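Read through the structure below, which is laid out as structure tokens, and then see the notes.
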Amino acid sequence: MSRRGSVLHIRTHWLLLGLALLCSLVLFIYLLECAPQTDGNASLPGFVGENYGKEYYQALLQEQEEHYQTRATSLKRQIAQLKQELQEMSEKMRSLQEKKNIGANGIGYQGNKEQAPSDLLEFLHSQIDKAEVSIGAKLPSEYGVIPFESFTLMKVFQLEMGLTRHPEEKPVRKDKRDELVEVIEAGLEVINNPDEDDEQEDEEGPLGEKLIFNENDFIEGYYRTEKDKGTQYELFFKKEDLMEYRHVTLFRPFGPLMKVKSEAIDITRSVINIIVPLAERTEAFAQFMQNFRDVCIHQDKRIHLTVVYFGKEGLSKVKSILESVTRLASSTW
């Protein structure tokens, strides 16, 4: 009896296991039949019925590029506005500082019985009116013409060659560099932010943004200085894609003379230093020392003489002349 129950139990176990496998197989077949079929030619989002292709990626790249260009144009415009506001604030601070300095130390110089104008701005405008900027002047001859000198971003072409003995040079001196850089920046400010009375129309770039000039658009400039009035600058700018030049005329007027200090100098203990370079010519040097003894030593003993001799020929004679004069001068003291 117990054996029959055991066989029945085993059969029941295998039957349940078979039913479980059958249900699993049916469920698996059902899932395979109900799953969505994949197609290699599925359409892209945004392009219904079209396949992934070259046109889609080109359109996507163009859209991104337009977005970045628009963003860059907006940032450039904001930067230009911030620069303009910063320059306006700097000019206001500079004008306030100049007014403060003039109020503290400014004393107009009365030259040729003419009182300097109390209003500095009026005086500066009068300097522009008197200079050869907008109108010419009658000159007695061609020697009275004040020539222009030209310059670029890197070099200055000067008529008076100075110590370099070369008409073309880089502006080595810091004050000259700062002057030309300041002039170019002022010219850019005039072009990029024109006044209402300027004969200049705002031009737009290829993306519709405001056309902004920079220092790379500077071609060349000319300047000349009238010693009693100021310095005139003629600046020329040009962009590569424009068929016109921008010409800006600037003038830096000289202000009235300002008193810095007035003092008395005590010369009772001052020593005059004389340096004489010499090579040979011992006879001329002997005559010079005779005059030096009669004029400088006998009349004013606050003299120190230094002789710089080049070469060896005649050096012993020069030394003997100096020793002779020194002995005579010591005996008179």
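FYI, side chains are in, hydrogens and waters are out, and symmetry mates aren't considered; it's all heavy atoms of this structure. Treat the numbers as computed from the prediction; the structure is a model and nothing was measured.
Under a cut-off of 6.0 angstrom, the local environment of CD1 in Ile275 is sparse, with at most 12 non-hydrogen atoms contributed by other residues, nucleotides or ligands. Heavy-atom contacts from other residues, nucleotides or ligands closer than 6.0 Å to NZ of Lys83 number 12 or fewer. Taking a 6.0 Å sphere around CD of Glu283, one finds it holds 12 or fewer heavy atoms contributed by other residues, nucleotides or ligands.
The shortest side-chain heavy-atom distance between Pro253 and Phe251 falls under the 4.5 Å cut-off. Using a 4.5 Å heavy-atom threshold, the side chains of Gln84 and Glu189 count as touching. Under the 4.5 Å side-chain criterion, counting only non-hydrogen atoms from C-beta, Arg252 is in contact with Glu179. Between Leu242 and Leu211, some side-chain heavy-atom pair lies under the 4.5 Å cut-off. Between Arg246 and Val190, every side-chain heavy-atom pair lies at or beyond the 4.5 Å cut-off. Arg293 places a side-chain heavy atom less than 4.5 Å from the side chain of Leu328. Using a 4.5 Å heavy-atom cutoff, the side chains of Phe285 and Arg281 are not in contact. Residues Leu153 and Ile184 have side chains in contact (heavy-atom distance under 4.5 Å, counting atoms from C-beta outward).
A donor-acceptor pair under 3.5 Å links the side-chain atoms of Thr73 to the main chain of Gln69, judged by distance alone. Listed for the Asn291 side chain is no donor-acceptor partner under 3.5 Å among the backbone atoms of Phe288. Looking at Ser24, its side chain does come within 3.5 Å of a backbone N or O of Ala20 through a donor-acceptor pair. Listed for the Lys174 side chain is no donor-acceptor partner under 3.5 Å among the backbone atoms of Asp178.
The ring of Phe218 has its center closer than 6.0 angstrom to the ring center of Phe151.
Transitive grouping of hydrophobic side chains (ILVMFWY, heavy atoms separated by less than 4.5 Å) keeps Phe148 and Phe157 in distinct clusters. Val276 and Phe292 fall within a single hydrophobic cluster, where Ile, Leu, Val, Met, Phe, Trp and Tyr side chains are chained together by heavy-atom contacts under 4.5 Å. Hydrophobic clustering (side-chain heavy atoms under 4.5 Å, transitive across Ile, Leu, Val, Met, Phe, Trp, Tyr) keeps Ile191 apart from Tyr222. In the hydrophobic clustering of ILVMFWY residues, with side-chain heavy atoms under 4.5 Å counting as a link, Leu235 and Val181 come out apart. In terms of hydrophobic clustering, with Ile, Leu, Val, Met, Phe, Trp and Tyr side chains grouped at heavy-atom distances under 4.5 Å, Leu305 and Val325 are assigned to a common cluster.
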> Given the rule in the salt bridge (Lys or Arg N to Asp or Glu O under 4.0 Å) test, do Glu226 and Arg224 qualify, once you have shown the distances and angles that lead to the verdict?
Replying inline: CA-CA 7 Å; Glu226 297 182 56; Arg224 66 176 181 178; 5.0 Å; no
>> With side-chain contact (heavy atoms from CB on, under 4.5 Å) as the criterion, how do Val183 and Tyr223 come out once you've worked through the C-alpha distance, each side chain's angles and the decisive distance to 0.1 Å?
In response: CA-CA 10 Å; Val183 168; Tyr223 71 95; over 6 Å; no
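Scanning all heavy atoms of the two residues, the minimum distance from Ala286 to Ile321 falls at CB-CD1, 3.8 Å. Residues Lys238 and Glu244 share a closest heavy-atom pair of CG-O, 3.5 Å. Considering all non-hydrogen atoms of both residues, Ala80 and Ile212 come closest at CB-CD1, 4.4 Å. Between Thr326 and Leu322 the shortest heavy-atom distance is OG1-O, 2.7 Å.
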Pairs of donor and acceptor atoms involving the side chains of residues 306-318, under 3.5 Å and at least two apart or interchain, shall be tabulated with distances.
from, atom 1, to, atom 2, distance (Å)
Tyr309, OH, Glu280, N, 3.0
Tyr309, OH, Glu313, O, 2.3

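Here the straight-line distance linking atom OG1 of Thr70 with atom CD of Glu65 works out to 10.0 Å at 0.5 Å rounding. Note: Lys319 NZ to Thr282 OG1 = 14.5 Å, rounded to the nearest 0.5 Å. Taking CG of Leu180 as the start and CE of Met154 as the end, the distance is 12.0 Å to the nearest 0.5 Å. Interatomic distance, Asp217 CG to Phe236 CZ, rounded to the nearest 0.5 Å: 15.0 Å. Rounding to the nearest 0.5 angstrom, the gap separating the CG atom in Leu17 from the CG atom in Leu22 is 11.5 Å.
Relative orientation of the Phe237 and Phe213 rings is perpendicular, given thresholds of 30° and 60° on the angle between their planes.
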